[in-house]
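Data block below; observations after.
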Amino acid sequence: MAGQGDAGRAGARVPRVELRGISKHFGSGAARVDALKDVSLDIFGGSVVGLLGPSGSGKSTLLNAIACITEPSRGRMRLDGDTVYDNRWLRPDLRRLRLEKIGFIFQFHNLLPFLTALENVRLVLDLAGWPREAARQRAAELLDYLQVGDRGQALPAQLSGGQAQRVAIARALANQPRIILADEPTAALDSERAGIVMDLLRGVARKNDAAVVVVTHDEKIFDRLDEIFYLRDGWLVPPEAAPTPPRLAIASSDMRL
Amino acid sequence: MNLAWRDIRHNLGRFLLTCLGVGLLLGIVLSMIGIYRGLVDDALVLVRAPQAQIWVVEAERRGPFAEASRLPQDTRDMIARLEGVAAAGAVTYQSVEATLGERKLRLNVVGHELGRPGEPAALVAGRPITRGHYELVADRRARIALGTTIRLGRNVFTVVGLTEGQVDSGGNPVVHMTLADAQRLQFELEGDAARAQAARGTGRTPPTVNAVVARLAPGASAEAVAATIRRWKHLSALTQAEQEAMLLESVVEKARRQIGLFTATLLLVSTVIIALIVYTLTLDKTREIATLKLIGAPDRTIVGLILQQALAIGAIGFFAGAALLVNLVDIFPRRVVLLPQDALALGGATLVVCFIASALGVRLALRIDPARALGG
Ligand SMILES: Nc1ncnc2c1ncn2[C@@H]1O[C@H](COP(=O)(O)OP(=O)(O)O)[C@@H](O)[C@H]1O
Ligand SMILES: [Mg+2]
């Protein structure tokens, strides 16, 4: 696997995501839930990493913390070299931060139903302040790149599941984010389409030197991940103690018998 | 890229239906205002028709409209001879019921002296009354054609001229006839008892009228002339301004409060309805709004989306309501007066209402957690 060598190169480079001692609890007293416990990790550009673990282990909480939509309780977080959290948010405008640094891919495409495919991609560029014509052109190029260029004028409801997911990926890539967060991006796709989506993400990670973080249960894509972070009860399990992929697939899939 | 418009276009049918509903509501508000304006207009028509400056009525009476008033007919001579009076005319007003073919009509009959103040306003068809008897000038509102004959009391009258917009404060059309005809009609229509009493009296009672209207010579003071007239014990005098103010007070003030209250209530109802609509529209877009926040759209974009839709509903609803009313104004049985300034005021009120009504939806939208876009 290409990603195997990343750890060796990592020392010289700035991680796209750097977490140090991130903890998060919800509630207090008897109702207190410690969703993340002292999580530290680095994710580098060019790699696709998986966030795995049984249900309730803290995957979503961790993804939301990296997305700056859930405030951690403690710790330090650097995104693309910027310290954005150090026991408190350091950046006043987290939405602007997301717009500039992070692309999102969802389980269900979450395209705005009233915008065409092209407009959905353009929207991000508009928000980021791109000039109109440049935005239109880039959106069209991205759709071409994702092989849905001919569906630019279609509304999301008129797209197939795979097409919609490609448009959603185009939207996530639009503003050239350094970090791409994907929550179960392949859960709604068959294995062939899931493989294509993963290859696309790997291509983007390499091309843009972006870190792609994928929360997934989907065992058919495990072999396409460069690195795996395994969570259990809010703890990050060290690689040597983590289940090996085949067992992991069984352990982490809630749906499996 | 305008999100509000894109979303509207995506649900165009539902949006237009919503606008239509709001439009009906605003149309009703506008027609209430129009009905009130019509009421005021109608109330003043009879008072303004003689183009007089002085109204002479029975002492202690606020006649002839707010209260009944009776004067000897020769009062007119006395008034006409007063210094400062250019012309005076005796007038009667009575409400009569008539049938025309199948149709029952309530008419306000004005009796006037030919060639004196009190004559009908400008005619829109036919000619003025020229013969002493049995001729009528009727208002178009009565829907009686020129040349039609109609029985009033014991006599048959022919319509020789038509006026426009002459109604009493109850909205009934006005017909004019000579003073002599009107006095006979009054006598005929009085109760039998009154007639019998009159017959027992010594000879004929002197003819009476309801008021004398006077126009002043240039430079004469209405106040001074009225003061002179009030020195006669059996007479009371009102200037035109006093007469109008009194009528507005007695006839219009209650209606104004009632309609004002109704209009305010309707505006409140509109606010609640628009607020509910905007809230529902926002609730329907929870996931989209969460996605917008997640991908980095500022609050201004999200508030704009909601506010623009609320204002669009208000604006389109307002114009739909106004257009509807303009087209339907003639089916109202009474006059509905649409003034541009009223429409403008309602338009402004609608904008304010939309702003207020958006608050609920905006509050909801700002509270939506962007995390709702992630996962399921
Ligand atoms: N908003 C919240 N309030 C309270 N508890 C929460 C909240 N979000 C998550 N949790 C709890 O935190 C733990 C981790 O949840 P989550 O991150 O969703 O796990 P996963 O995504 O791995 O299934 C769970 O015990 C969950 O019940
Ligand atoms: Mg989860």
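Letters A, B, ... are given to chains in the order of the sequence lines, protein chains preceding strands, and every chain is numbered from 1. Every heavy atom of this structure was used, including side-chain atoms; hydrogens, water molecules and symmetry mates were not.
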>> For B:Arg363, I'd like to know if atom CZ has over 12 heavy atoms of other residues, nucleotides or ligands within 6.0 Å.
In response: no
> Would the number of heavy atoms belonging to other residues, nucleotides or ligands and lying under 6.0 Å from OH of B:Tyr279 be above 12?
Replying inline: no
> So which of B:Leu294, B:Asp7, B:Leu292 has the biggest tally of heavy-atom pairs under 4.5 Å with chain A?
Replying inline: B:Leu294
> Relative to chain B, which segment of A:Pro113 carries a heavy atom at a distance below 4.5 Å: side chain, backbone, both, or neither?
Replying inline: both
>> Please determine whether the number of non-hydrogen atoms from other residues, nucleotides or ligands lying under 6.0 Å from atom CZ of A:Arg193 exceeds 12.
In response: no
> If you count heavy-atom pairs under 4.5 Å with chain A, which of B:Pro298, B:Ala297, B:Pro370 comes out on top?
Replying inline: B:Ala297
> Between A:Asn110 (side chain) and B:Thr291 (backbone), is there a donor-acceptor pair under 3.5 Å?
Replying inline: no
> Which heavy atom in A:Leu115 sits nearest to a heavy atom in B:Leu3, and how many Å separate them?
Replying inline: CD1-CD2, 3.9 Å
> Where along residues 117-131 of chain A does a heavy atom come under 4.5 Å of chain B, listed by residue number?
Replying inline: A:Glu119, A:Arg122, A:Leu123, A:Val124, A:Asp126, A:Leu127
>> Has A:Arg98 got a side-chain atom pairing as donor or acceptor with B:Lys293's backbone, closer than 3.5 angstrom?
In response: yes
>> Please report the interatomic distance CG(A:Leu112) to CZ(B:Arg287), rounded to the nearest 0.5 Å.
In response: 11.5 Å
> Is it the backbone or the side chain of B:Asn11 that comes under 4.5 Å from a heavy atom of chain A, or both, or neither?
Replying inline: neither
> Does CZ belonging to B:Arg367 count more than 12 external heavy atoms closer than 6.0 Å?
Replying inline: no
> Out of curiosity, B:Arg6 CZ to A:Leu155 CG, how far, rounded to the nearest 0.5 Å?
Replying inline: 10.5 Å
> How long is the gap from CZ on A:Arg95 to CD1 on B:Ile302, to the nearest 0.5 Å?
Replying inline: 5.0 Å
> Considering residues, nucleotides and ligands other than B:Gln258, do more than 12 of their heavy atoms fall under 6.0 Å from its CD?
Replying inline: no
>> For the OH atom on A:Tyr145, are there more than 12 heavy atoms of other groups (residues, nucleotides or ligands in this structure) within a distance under 6.0 Å?
In response: yes
> Which pair of heavy atoms, one from A:Phe114 and one from B:His10, lies closest together, and at what distance?
Replying inline: CB-CB, 3.4 Å
>> Can you confirm whether more than 12 heavy atoms, excluding those of A:Arg132, are under 6.0 Å from its CZ atom?
In response: no
> How close do A:Asn64 and B:Ala371 get, heavy atom to heavy atom, and via which atoms?
Replying inline: ND2-CB, 3.9 Å
